[in-house]
Amino acid sequence: MSKKINLFANLKSDFASGLVVFLVALPLCLGIAMASGAPLFSGIISGIIGGIVVGYFSTSHISVSGPAAGLTAIVLTAITDLGAFDIFLTAVFIAGLLQLILGFAKAGSISNYFPTNVIEGMLAGIGIIIILKQLPHAFGYDSDFEGDQAFSQTDGSNTFSALFSIFDYIQIGSIVITLVSMVILISWDKVPFLKKLKLVPGALIAVALGVILNEIFIATGSALAIGKEHLVSLPVPSSFEEFKAIIVTPNLSGVMNPKVWVVALTIAIVASIETLLSIEASDRMDVQKRYTDTNKELKAQGIGNMVSSLLGGLPLTSVIVRSSANSNSGARSKMSTIIHGVLLLVSVLAIPVILNKIPLATLAAILILVGYKLAKPATFIHFWEKGKYQFVPFIATLLAVVFLDLLKGVTLGIIISIIFVLKGNLKRAYFFRKEQYADGDVIHIDLAQEVSFLNKAAIKQTLNHLPENSKVIIDAKDTVYIAHDILDLIHEFKTTRALDNNIKVKLKGFKKAYHLENSIDTQNHVSIEHYYDAAKRVMVKKEITDEEFLKQENGN
């Protein structure tokens, strides 16, 4: 019976982290909605649902869901192609339904095949993107929308050219507020007496002080005052009727439109992959090293997308930036995610005017520190010391995430990792030269712990190079798995070529379990006695003794 989780057990730390995530999520939700060509409030709705609904159904303790930058291009194109936002919402609803089906089909297990170095490379890449994208905001250059992660920007520039453009748009007031915020955020974790005030996160103090400083600049007519275009810009409905008009519901007539289904399938696949990647990364950031049920996560995401679409929200995924902020702020359970969703809901209803006074420079300072923690130099050193087979996929993933996008980066990292695995398995580990062995010597071939079909070429070449009239012992005492192809190869060698070349073959350490492999000719007493436990997918050892081997040889 599963242990029931008490969501209120760590309320003190969860509330503080939920508050930080709320501050980070607010401009991201708005920025992604703007970049997607959707109503601004749709991003906020998606953030609220991602926090409250997905947070409730998810089993992840750290991850935070909401509108994702990786979906902006898909959403923008889909809204344009479908011709109306309400028809697009129908596609989002269907996408959520498809994700729910994927969860029941246990498709979440695909996340088990993401290599650790690739996940770490993805996180470091995201960290570098955050830093590069937030530096312009820290200097008062806000041409790019909050939450953008693409190297090429919508205004024709790119991440690097935007950095050089900073010098043409420097605002001293933004720099002052960024530096003050940085000092507060760093001091909050370093100064002993401030560390005791954990209930009040440093990010909240930084935001409050940023607002106060800018209000003072405005009140005194200072040149340091930050204009409205460099502050959070939340829609402020003037009446209840205007607020009701913000809520858009799906146009279900779109169900009969084939384009809607294509969009739905695209969103379901991309959102699911991004979610699984983020969940894998979030689990690695969890200091308590807890694991998320990814199948339940897909179900939670599906429910979240269905509810979000019904209320006029954007499609959502588990997102790394907010999840990183959540982890770095000391979140202990998924209650922090739920709290951030509740705060989004309450704030946009009750205090939108106050929220619109928050300088983007303050939020940039918070995110730059989040990015640094994701891409710390220690991470690069760690993988460098592990050797090229760990470092190359790590750095390739990082660079591709920065210059291409998250999915392409991870795909490249996985491909390189697979190539390295294939290279390792295809090495001629058993190849030898005939002249190294004198007549009468016993040749030993020790099989590895796992012998897959990838080892077939190496083993085949080894067997083909065995000298005539030699004595060979093939030892599998340390082997826990042998592929069917390898068993066939060994059996074929022993019963044909070995006999033709007067090679005496002794097989040791092959296992017995439950199901006899058909490839083994038990009628002829071949000494490979190989059984397979299909349920456990492991081999159970029972070594064949020398005496049994000799009896079988005599039987032949």
Side-chain angles (χ1 to χ4, degrees), residues 5-30 32-33 40-68 147 198-205 207-208 232 234-237 240 243-244 246-247 278 282 297 300-301 303-319 321-358 363 366:
I5 300 173
N6 182 5
L7 293 176
F8 298 94
N10 302 289
L11 188 59
K12 182 178 178 181
S13 57
D14 285 340
F15 182 83
S17 54
L19 185 57
V20 173
V21 178
F22 153 69
L23 294 171
V24 169
L26 182 63
L28 296 182
C29 290
L30 293 170
I32 291 169
L40 287 181
F41 211 75
S42 65
I44 298 294
I45 292 171
S46 181
I48 293 169
I49 300 304
I52 300 174
V53 177
V54 177
Y56 177 79
F57 287 104
S58 172
T59 59
S60 175
H61 299 274
I62 299 298
S63 76
V64 181
S65 295
K198 279 294 181 183
L199 183 60
V200 182
L204 178 62
I205 302 300
V207 168
V232 169
L234 187 68
V236 183
F240 182 72
F243 177 79
K244 280 171 56 179
I246 293 176
I247 305 297
S278 181
S282 298
E297 184 64 30
Q301 294 290 328
I303 294 170
N305 272 317
M306 292 165 73
V307 175
S308 180
S309 68
L310 292 174
L311 295 175
L314 291 175
L316 52 84
T317 73
S318 175
V319 278
V321 177
R322 274 155 274 185
S323 300
S324 302
N326 194 32
S327 175
N328 293 333
S329 303
R332 301 293 299 275
S333 76
K334 64 180 184 178
M335 189 62 180
S336 62
T337 302
I338 297 173
I339 288 172
H340 119 272
V342 172
L343 289 175
L344 276 175
L345 176 61
V346 172
S347 62
V348 298
L349 294 177
I351 54 171
V353 175
I354 296 176
L355 295 178
N356 284 344
K357 296 180 182 294
I358 299 176
L363 300 176
I366 296 171

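No experiment lies behind these values; they were computed from the predicted model shown.
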Which atoms form the tightest heavy-atom contact between [X] and [Y], and what is the distance?
{"X": "R332", "Y": "S13", "value": "CG-OG, 3.1 Å"}
{"X": "E297", "Y": "V54", "value": "OE2-CG1, 4.1 Å"}
{"X": "V236", "Y": "P352", "value": "CG2-CB, 4.0 Å"}
{"X": "V319", "Y": "P67", "value": "CG1-O, 4.0 Å"}
{"X": "S318", "Y": "S323", "value": "OG-OG, 4.2 Å"}
{"X": "A68", "Y": "T317", "value": "CB-OG1, 3.3 Å"}

State, yes or no, whether a side-chain contact exists between [X] and [Y] at a heavy-atom distance under 4.5 Å.
{"X": "T337", "Y": "V21", "value": "no"}
{"X": "L363", "Y": "I366", "value": "yes"}
{"X": "I247", "Y": "I45", "value": "yes"}

Let me confirm one number: the [atom1]-[atom2] distance from [X] to [Y], rounded to the nearest 0.5 Å.
{"X": "L311", "Y": "F41", "atom1": "CG", "atom2": "CZ", "result": "10.5 Å"}
{"X": "K334", "Y": "S336", "atom1": "NZ", "atom2": "OG", "result": "11.0 Å"}
{"X": "I339", "Y": "S17", "atom1": "CD1", "atom2": "OG", "result": "7.0 Å"}
{"X": "S347", "Y": "L26", "atom1": "OG", "atom2": "CG", "result": "6.0 Å"}
{"X": "L355", "Y": "L344", "atom1": "CG", "atom2": "CG", "result": "9.0 Å"}
{"X": "H340", "Y": "I48", "atom1": "NE2", "atom2": "CD1", "result": "9.0 Å"}

Checklist entry - Are S333 and N10 linked by a side-chain donor-acceptor pair shorter than 3.5 Å? => result no
Checklist entry - Between S65 and Q301, do the side chains contain an N or O donor and an N or O acceptor separated by less than 3.5 Å? => result yes
Item to check | side-chain contact (heavy atoms from CB on, under 4.5 Å) between R322 and C29, worked out | outcome: CA-CA 11 Å; R322 274 155 274 185; C29 290; 3.9 Å; yes
Next on the checklist: Quick one, V20 with N328, criterion side-chain contact (heavy atoms from CB on, under 4.5 Å). Give me CA distance, side-chain angles, the key distance, then yes/no.
Outcome noted: CA-CA 10 Å; V20 173; N328 293 333; over 6 Å; no
Next on the checklist: Whether the side chain of N305 engages the backbone of L316 through a donor-acceptor N/O pair (distance < 3.5 Å, no angle test) should be reported.
Outcome noted: yes
Checklist entry - Hey, does the side chain of S308 reach the backbone of L314 with a donor-acceptor pair shorter than 3.5 angstrom? => result yes
Checklist entry - Looking at residues at least two apart in the chain, or sitting in another chain, which of them share a ring pair (Phe, Tyr, Trp, His ring centres under 6.0 Å) with F22? => result none
Checklist entry - Who pairs with S327 by side chain to side chain contact (heavy atoms under 4.5 Å, CB included), at least two apart in sequence or on another chain? => result I62, M285
Next on the checklist: My understanding is that only residues two or more places apart in sequence, or in another chain, count here; which of them pass side chain to side chain donor-acceptor pair (under 3.5 Å) with S42?
Outcome noted: none
Item to check | Audit row: L234, L30, side-chain contact (heavy atoms from CB on, under 4.5 Å) steps and yes/no | outcome: CA-CA 7 Å; L234 187 68; L30 293 170; 3.8 Å; yes
